[in-house]
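Following: one structure in structure tokens, then a few remarks.
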Amino acid sequence: MAKDMANPLYDTLFGRHAGSTAPFLILQDGAEVSYAGFLAQAARIARYLAELGLKPGDRLAAQVAKSPEALALYAACVQAGVVFLPLNTAYTASEVTYFVENSGAALVVCDAAALDALTPVAEKLDAQIATLNADGSGSLMDGAAGQSDTFPTAARSGDDLAALLYTSGTTGRSKGAMLSQDNLLSNAEVLVDEWRFTGADVLLHALPIFHTHGLFVATNVILAVGGAMIFLPKFDVDTVLAHLPRATSMMGVPTFYTRLLDDARFDRAAAQHMRLFTSGSAPLLAETHDTFRERTGHAILERYGMTETNMNTSNPYDGDRRAGTVGFPLPGVELKICDPATGAELPQGEVGQIEVRGSNVFMGYWQMPEKTAEELREDGFFITGDLGLIDDRGYVQIVGRGKDLIISGGYNIYPKEIELILDDQPGVLESAVIGVPHPDFGETVVGILVPEKGRTPDEAAIMEAAAGALARFKHPRKLIVLDELPRNTMGKVQKNILRERFGDLFTGG
Ligand code: MCA
Ligand code: AMP
């Protein structure tokens with residue numbers, strides 16, 4: 001990475017493509033956006049951001065549908081030195097309020113449909129607001145139209161903050177993971193090498209662009225090599241199958257692959273020209289890996305990452321991609337398995353907490369020094385909260401989680417956040433939220449309620465309250481009423497017992 005660049009992330013991923021008429025985005029309808037066209041649009045947006053008074057280091061919160069313009073907004077932020085804060089489009093206004101307030105965002109960009117709900121939020125928090133709709137219309141683009149196609153790139157260093165990505169926590173309070181330019185660049189460059197990406201690659205991109213996987217892993221890797229992306233608004237089996245023949249590579253969460261396998265049209269011929277399928281964000285069942293291989297002849301390459309760390313490990317490009325493992329630490333990433341109680345490193349083969357260190361590891365949580373200190377050791381090792389082991393061939397296996405977390409269709413859900421809402425409902429004494437196996441989403445949310453003495457909780461009213469407060473993907477798919485929760489002698493709820501008891505709710509015969 002050239003350290004003498006004025007803005008390493010912009011110059012390396014975007015600026016180097018100036019003037020290139022090569023295709024960057026291939027849209028669902030077949031229309032193409034060239035690198036030059038994309039960069040001109042980003043520059044116009046950057047001009048408008050500057051006109052609105054945004055300065056390097058200011059935060060911009062974007063809750064917008066996936067579109068070329070939304071991606072250009074990311075590029076504009078990098079060019080203007082503005083910290084990009086993307087938000088899941090499923091978040092409710094009350095969830096968004098927290099992120100805007102916590103980050104002190106200077107500008108909120110949302111869909112016009114959310115304007116009424118978010119304008120009072122922005123006013124109260126002294127932020128400006130602009131719209132960007134799924135079709136690329138809105139006040140942001142109106143403001144950008146007619147601006148110059150070039151922008152004087154803001155000077156930034158590798159240590160400067162590039163993005164703020166919120167991850168929930170076991171206390172139910174989300175934390176903003178601060179990712180520097182170097183965090184993002186170093187990881188993109190390693191992945192290009194490890195996964196052999198070149199300018200000839202056409203990546204089928206069906207992931208959302210508000211998380212690390214779709215925004216950084218997929219997009220930054222393609223930008224780093226000047227390849228193209230088939231940029232689909234969301235994952236849909238028919239659309240993916242229609243576009244697959246033009247692709248060379250695809251990145252997905254396990255649900256993408258189980259849904260493809262559920263369709264008989266997805267066969268060896270459909271995948272014949274592909275060179276790479278990768279999977280991550282949630283565990284890929286060995287069974288899915290094996291079935292995929294039998295059906296297509298391709299071994300899915302599974303890797304392991306986190307919002308705080310980008311990618312940590314990967315199965316090999318050349319060599320054995322072992323089902324049920326996440327491969328080896330990436331070059332530049334140190335990984336050790338530690339005793340959760342003492343932090344001491346454990347011998348090979350023993351299960352412990354996974355800790356990682358490297359230039360991929362984030363700078364800490366936004367304005368939460370105490371949370372940062374809990375998870376990021378002084379020597380730079382980050383305590384992931386994942387439990388794993390290193391097997392006799394050096395492959396890392398994730399065997400569980402030390403943190404109370406549910407992963408549904410690749411989205412992380414922290415039970416505490418839902419329990420806080422359930423506990424507040426009339427007639428509910430206490431609650432426990434667990435994840436149980438689900439055939440499509442891998443895991444799904446079940447809420448266990450203990451009623452107050454002599455009362456019967458109104459389940460419909462509770463689901464309605466959850467709907468008002470929480471994004472749809474976090475809603476319990478089932479509520480169960482129990483007289484009491486199993487507890488250990490310390491009084492801690494034994495969720496493992498609940499998971500065992502209700503484990504086959506969605507997968508049982
Ligand atoms: C949508 N719904 C969900 C989910 N997605 N519910 C639970 N879990 C989900 N993941 C809701 C919908 O709102 C809908 O509600 C109902 O469930 C069924 O929707 P469906 O049409 O099946 O969903 P979909 O729109 O097809 O979406 C499923 C999906 C999507 C394609 C799996 O969730 C997705 O693209 N996931 C990828 C997530 C991702 O990129 N994760 C990376 C973050 P209703 O019933 O009301 O209709 S992790 C990361 O970045 C780390 C660093 C890493 O390692 O990669
Ligand atoms: P996030 O909040 O999106 O950063 O989620 C990171 C978490 O996703 C990790 O801490 C793991 O628990 C999980 N994860 C990511 N990739 C994998 C994988 N390949 N296998 C199992 N879990 C994974």
Side-chain angles (χ1 to χ4, degrees), residues 66 86 88-91 163 165-170 174-175 177 179 187 191 205-219 232-240 251-260 262 278-286 288-289 300-315 321 323-327 353-356 360 362 375 382-388 396-414 435 438-445 463 467 470-477 506:
K66 184 176 176 184
N88 192 321
T89 47
Y91 288 150
L165 260 61
Y166 277 79
T167 78
S168 292
T170 41
S174 286
K175 303 163 287 185
L179 296 154
N187 212 236
L191 295 177
H205 192 304
L207 290 158
I209 53 167
F210 41 70
H211 281 308
T212 297
H213 197 165
L215 185 61
F216 301 140
V217 184
T219 306
L232 303 176
K234 59 169 285 195
F235 180 86
D236 169 77
V237 170
D238 288 335
T239 317
V240 166
M251 298 185 188
V253 296
T255 301
F256 285 16
Y257 296 120
T258 52
R259 286 188 182 182
L260 279 172
D262 280 343
T278 70
S279 177
S281 310
L284 182 76
L285 295 179
T288 309
H289 186 278
I300 297 175
L301 181 153
E302 186 171 8
R303 72 359 173 234
Y304 158 59
M306 293 184 73
T307 301
E308 288 92 335
T309 64
N310 294 285
M311 299 304 101
N312 294 312
T313 73
S314 172
N315 267 281
R321 299 178 195 166
T325 82
V326 292
Q353 181 119 256
I354 300 175
E355 298 194 10
V356 291
N360 57 315
F362 76 140
E375 296 179 36
F382 176 64
I383 307 168
T384 63
D386 291 309
L387 300 177
V396 177
Q397 282 178 31
I398 299 176
V399 299
R401 297 175 201 136
K403 54 195 171 192
D404 192 13
L405 164 71
I406 300 167
I407 306 184
S408 167
Y411 287 148
N412 284 14
I413 301 167
Y414 280 84
H438 187 275
D440 185 31
F441 290 129
E443 282 183 297
T444 197
V445 179
M463 290 305 272
L470 299 169
R472 172 77 182 111
F473 67 89
K474 299 178 190 168
H475 297 180
R477 296 297 150 127
F506 295 90

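Both backbone and side-chain heavy atoms feed into the values below; hydrogens, waters and symmetry mates do not. Counting convention: from 1, in listed order, for ligands and their atoms alike. All values reported here derive from a predicted model rather than from experimental measurement.
Some N or O of Ser281 is nearer than 3.5 Å to an N or O of ligand 2, by distance alone. Below 3.5 Å of separation, one finds no N or O of Thr255 facing any N or O of ligand 1. Taking only nitrogen or oxygen atoms, main chain and side chain alike, Gly409 reaches within less than 3.5 Å of ligand 1. In terms of polar-atom proximity, Lys234 is counted as a contact of ligand 1, with an N or O under 3.5 Å from an N or O of the ligand. Taking any N or O of Lys403, backbone or side chain, at least one lies under 3.5 Å from an N or O belonging to ligand 2. Close N/O approach between Arg477 and ligand 1 is found [any backbone or side-chain N/O within under 3.5 Å]. The shortest N/O to N/O separation between Gly410 and ligand 1 falls below 3.5 Å.
Interface atoms of ligand 2 facing Ile398, defined by a heavy-atom separation under 4.0 Å, are 20 (N), 21 (C), 22 (N). Numbered from 1 in the order shown, with element, the atoms of ligand 2 that lie under 4.0 Å from a heavy atom of Glu302 read 18 (C), 19 (N), 20 (N).
For the pair His213 and ligand 2, no heavy-atom separation below 4.0 Å is found. Residue contacts with ligand 2 do not include His211, since none of its heavy atoms lies under 4.0 Å from the ligand.
For atom 18 (C) of ligand 1, the closest non-hydrogen atom of the protein is Phe441 CZ, 4.1 Å. Closest protein heavy atom to atom 6 (C) of ligand 2: Gly305 O, 3.6 Å. Remark: minimum distance from atom 27 (O) of ligand 1 to any protein heavy atom is reached at Arg259 NH1, 4.4 Å. Atom 49 (C) of ligand 1 has as its closest protein heavy atom Ser281 OG, 3.8 Å. Of all protein heavy atoms, the one lying nearest to atom 2 (O) of ligand 2 is Asn412 ND2, 2.5 Å. Counting only heavy atoms of the protein, atom 10 (N) of ligand 1 lies nearest to Ser408 O, 2.8 Å. Nearest protein neighbour of atom 33 (O) of ligand 1, counting heavy atoms only, is Tyr411 CE1, 3.4 Å. Closest to atom 12 (O) of ligand 2 among all protein heavy atoms lies Asp386 OD1, 2.6 Å. The protein non-hydrogen atom at the shortest distance from atom 52 (C) of ligand 1 is Met306 C, 3.3 Å.
At a 4.0 Å heavy-atom cut-off, ligand 1 touches Arg472 through the side chain alone. For Leu284, no heavy-atom contact with ligand 2 is shorter than 4.0 Å. Of all the heavy atoms of Leu207, the ones lying under 4.0 Å from any atom of ligand 1 belong exclusively to the side chain.
The side chain to side chain donor-acceptor pair (under 3.5 Å) check on Asp262 picks up nothing, with sequence neighbours excluded. The salt bridge (Lys or Arg N to Asp or Glu O under 4.0 Å) check on Asp440 picks up Arg259, with sequence neighbours excluded.
Contact of the Lys474 side chain with the Tyr91 side chain is registered, since non-hydrogen atoms from C-beta on lie closer than 4.5 Å. Residues His475 and Leu470 meet the side-chain proximity criterion, which asks for heavy atoms closer than 4.5 Å.
The presence of a protein heavy atom under 4.0 Å from atom 29 (C) of ligand 1 is ruled out. Of the protein's heavy atoms, at least one falls inside 4.0 Å of atom 6 (N) of ligand 1.
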